[in-house]
Number of protein chains: 2
Amino acid sequence: MAEKAAGGGVQSVERVFELLELITDAGGEVSLSELSSSTDLPLPTIHRLLRTLVTKGYARQLPNRRYALGPRLIRLGEGANKQLGALARPQLKHLVDSLGETSNMAVLDSDMVIYIAQVPSPHSMRMFTEVGRRAHTHDTGVGKAILAQLSNDAVRSIVARAGMPTPTEKSLKTIDELLAELDLIRERGYSIDEQEQELGVRCFAMAVPNAPTPSAISVSGPVSRVDEHFAEKAVPLLREAVRSIAEELNLTS
Amino acid sequence: MAEKAAGGGVQSVERVFELLELITDAGGEVSLSELSSSTDLPLPTIHRLLRTLVTKGYARQLPNRRYALGPRLIRLGEGANKQLGALARPQLKHLVDSLGETSNMAVLDSDMVIYIAQVPSPHSMRMFTEVGRRAHTHDTGVGKAILAQLSNDAVRSIVARAGMPTPTEKSLKTIDELLAELDLIRERGYSIDEQEQELGVRCFAMAVPNAPTPSAISVSGPVSRVDEHFAEKAVPLLREAVRSIAEELNLTS
DNA sequence: TTACTGATTCCACTCAGTGGAAAATAGGAT
DNA sequence: ATCCTATTTTCCACTGAGTGGAATCAGTAA
């Protein structure tokens, strides 16, 4: 078979989600043959899996015979969002109201972070981060805040799997740099993304302790506004926000 | 073996989505045994399917061992959302071309509506509604059109959760006023936002019947242009547009 | 402690899923 | 129009992925 990664997972389920991800990656619309060249699955197999999705409403077939994501996925996505995002959003809103900068919440998903909630800044110049988007851990505020809660071994294996791209010259380049940075974060209790993801953008982030899924929240904006003075106001507010979120989480777990 | 009613669907794929729907129905969090009593699947089978979902990030296991929807579903949901919007956009475009006013499509997201597509009016004076923006149900045309398709009980609980702010003096102020208005909407088949959201702005909206997610489309503009005469042209066009959208949806559901 | 409930793992059986090959259909090109 | 090619869809015999009964393990209460 393909890999040792079998691990007892149900093959057709894994495959069907792989297909859904590919459709999403392709911008929401693909032909059968495009899928078969992106995977190494035989064409009839892809067709049968998609057919199942289509009859259940999780995929749609367009008049041009291409396949798209189906409307029933919306509910599921919202449900997932609701779980974590709903209880965090009021806190993010409060941060934005107090600080004037965009606030995000993200969770760890195997070896990347996923943004699950966002309250945009009222400023016209602001970050553009989409809910649902995946990002690396080593070059984002939320990512580093989450990593700082894990063991160094866990961090090593995550970074080994995800790699360490360097989107800007400020990005951390080696695992050792990263581990040193994480020690600093553990000590002071919050992380800083110092233009590591995008030049001109600074971000302060803090992990949510004891979350069922490793999670963190952040505030971010242009370096001109998000400076040391900003941090003095932001850090206590972040601390209060994660405390409040953690409290709500523990009610249901 | 299953009956021939299966229709060629892949069993484990159908089952896995049935499980995800059940988790959503249950409010986003279930135990294994709760699932086994809602389905007639044997417990080990459920467990294995969930395990596959968990390792891939489409489900999460909480500390209390219960299962919840996973973060990777968010991206798929967002993707599907965009698709739905794309499907409706040609119809919205047609409305704008015929009527000269801004047209929107929105879906219900728990207790608020989310605008998922928009085609702006060519006029310089026009509504400013952002795709992705959330709005209340009781003071918007699309919101009321959607509510009119639900039971009064469902409406009550939505409004109870979301509240009933009154952005203008024309806004509906009580749940009873709203329910009376909904009866009227059910009878005539479309809703009117009579400057309830913003003074000077009127809006005609109609629900998309049998949509997988409760949805509605609208045309809106300044009261000076959007009057009774406008309605005479707009209502038949809206009717045709929702019919057309519903038809496209039903091809795949 | 013990008894109980619910979650997880095991494993032999077998039917659901697979994929090669063929048929049908769409889309050009002439 | 007709032929040709690319792509999608259906068919079906083989088989190993998935199943589910039974056993085990982990929590919780008494």
Side-chain angles (χ1 to χ4, degrees), chain A residues 1-20 22-23 26 28-56 58-70 210 212-213 250-253, chain B residues 1-20 22-23 26 28-56 58-70 248 251-252:
Chain A
M1 290 302 124
E3 295 288 320
K4 41 89 200 177
V10 176
Q11 189 186 58
S12 42
V13 172
E14 291 175 348
R15 287 178 168 182
V16 100
F17 278 102
E18 184 185 349
L19 292 176
L20 286 172
L22 283 171
I23 296 174
E29 191 183 320
V30 262
S31 71
L32 200 49
S33 46
E34 282 168 351
L35 282 176
S36 87
S37 58
S38 314
T39 62
D40 42 11
L41 298 178
L43 234 144
T45 300
I46 299 175
H47 182 258
R48 186 165 4 84
L49 292 172
L50 282 178
R51 211 136 152 20
T52 309
L53 289 175
V54 169
T55 56
K56 294 291 171 187
Y58 299 102
R60 296 185 300 121
Q61 188 164 28
L62 307 172
N64 31 337
R65 296 183 155 202
R66 295 162 73 80
Y67 290 90
L69 298 176
N210 306 119
T213 304
N250 286 346
L251 295 179
T252 55
S253 62
Chain B
M1 57 195 68
E3 307 79 72
K4 57 172 219 151
V10 176
Q11 188 185 58
S12 43
V13 172
E14 290 175 348
R15 288 177 167 184
V16 99
F17 278 102
E18 184 185 348
L19 292 176
L20 287 172
L22 283 171
I23 297 175
E29 191 184 319
V30 263
S31 70
L32 200 48
S33 46
E34 281 167 353
L35 283 175
S36 84
S37 58
S38 314
T39 61
D40 43 11
L41 298 177
L43 232 143
T45 300
I46 299 173
H47 181 258
R48 188 167 0 86
L49 291 171
L50 282 177
R51 210 134 152 27
T52 308
L53 290 175
V54 168
T55 57
K56 293 293 174 188
Y58 299 102
R60 296 183 300 123
Q61 188 163 27
L62 306 172
N64 32 339
R65 295 182 159 201
R66 293 163 74 81
Y67 291 89
L69 299 175
E248 284 194 80
L251 293 180
T252 56

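Below, chain A is the first sequence line, B the second, and so on; all start at residue 1.
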For D:dT9, take OP1 and OP2 only and decide whether either is under 4.0 Å from a side-chain N or O of A:Tyr67.
yes

Can you measure from CZ (A:Phe17) to CZ (B:Phe17) and round to the nearest 0.5 angstrom?
4.0 Å

May I ask you to verify if any side-chain N or O of A:Ser31 is less than 4.0 angstrom from the OP1 or OP2 atom of D:dT7?
no

Bending between helix ends of the helix from C:dT1-D:dA30 to C:dT30-D:dA1 [5 pairs per end, 10° resolution]:
50°

For the pair A:Ser12 (side chain) and B:Ser12 (backbone), establish whether a donor and an acceptor sit closer than 3.5 Å, ignoring hydrogens and angles.
no

Among C:dG19, C:dG17, D:dA22, which is the nearest nucleotide to the side chain of B:Pro44?
D:dA22

Heavy-atom nearest pair, B:Val10 first then A:Thr52, reads N-OG1, 2.9 Å

d(CD, A:Gln61; P, D:dT7) in whole Å:
16 Å

I need the NE2-P distance between A:His47 and C:dA23, as an integer number of Å.
18 Å

Output the distance between atom CD (B:Glu18) and atom CD1 (B:Ile23), rounded to the nearest 0.5 Å.
11.5 Å

Applying a 4.0 Å non-hydrogen cut-off, can you work out what A:Arg66 is touching in the nucleic acid: base, sugar-phosphate, or nothing?
nothing

For C:dG17, does OP1 or OP2 lie under 4.0 Å from any side-chain N or O of A:Gln11?
no

From B:Gln61 atom CD to B:Leu32 atom CG, the distance as rounded to the nearest 0.5 Å:
8.5 Å

Hey, which of these two, A:Ser12 or A:Ser33, hits DNA chain D nearer its 5' end, going by closest nucleotide?
A:Ser33

For B:Arg65 and D:dA26, is the shortest distance between a side-chain N/O and OP1 or OP2 below 4.0 Å?
no

Under 3.5 Å, is there a donor-acceptor pair between the side chain of B:Thr55 and the main chain of B:Arg51?
yes

Between A:Leu53 (CG) and C:dG17 (P), how many Å, whole number?
13 Å

With heavy atoms under 4.0 Å as the rule, sort A:Thr45 into base, sugar-phosphate or nothing.
base

Protein-nucleotide distance (A:Leu43, atom CG; D:dC11, atom P), rounded to Å
17 Å

Tell me the interatomic distance from B:Leu62, atom CG, to D:dG27, atom P, rounded to whole angstroms.
15 Å

How many whole angstroms separate atom CG of A:Leu35 from atom P of D:dT7?
14 Å

Nearest-Å distance, CG (B:Leu41) to C1' (D:dG18)?
13 Å

Which residues share a salt bridge (charged side-chain N to carboxylate O under 4.0 Å, His left out) with A:Arg66, sequence neighbours left out:
A:Glu29, A:Glu34

Atom-pair distance (CZ on B:Arg15; C1' on D:dG20), nearest Å
9 Å

Under 3.5 Å, is there any donor-acceptor pair linking the side chain of B:Arg48 to the base of D:dG18?
no

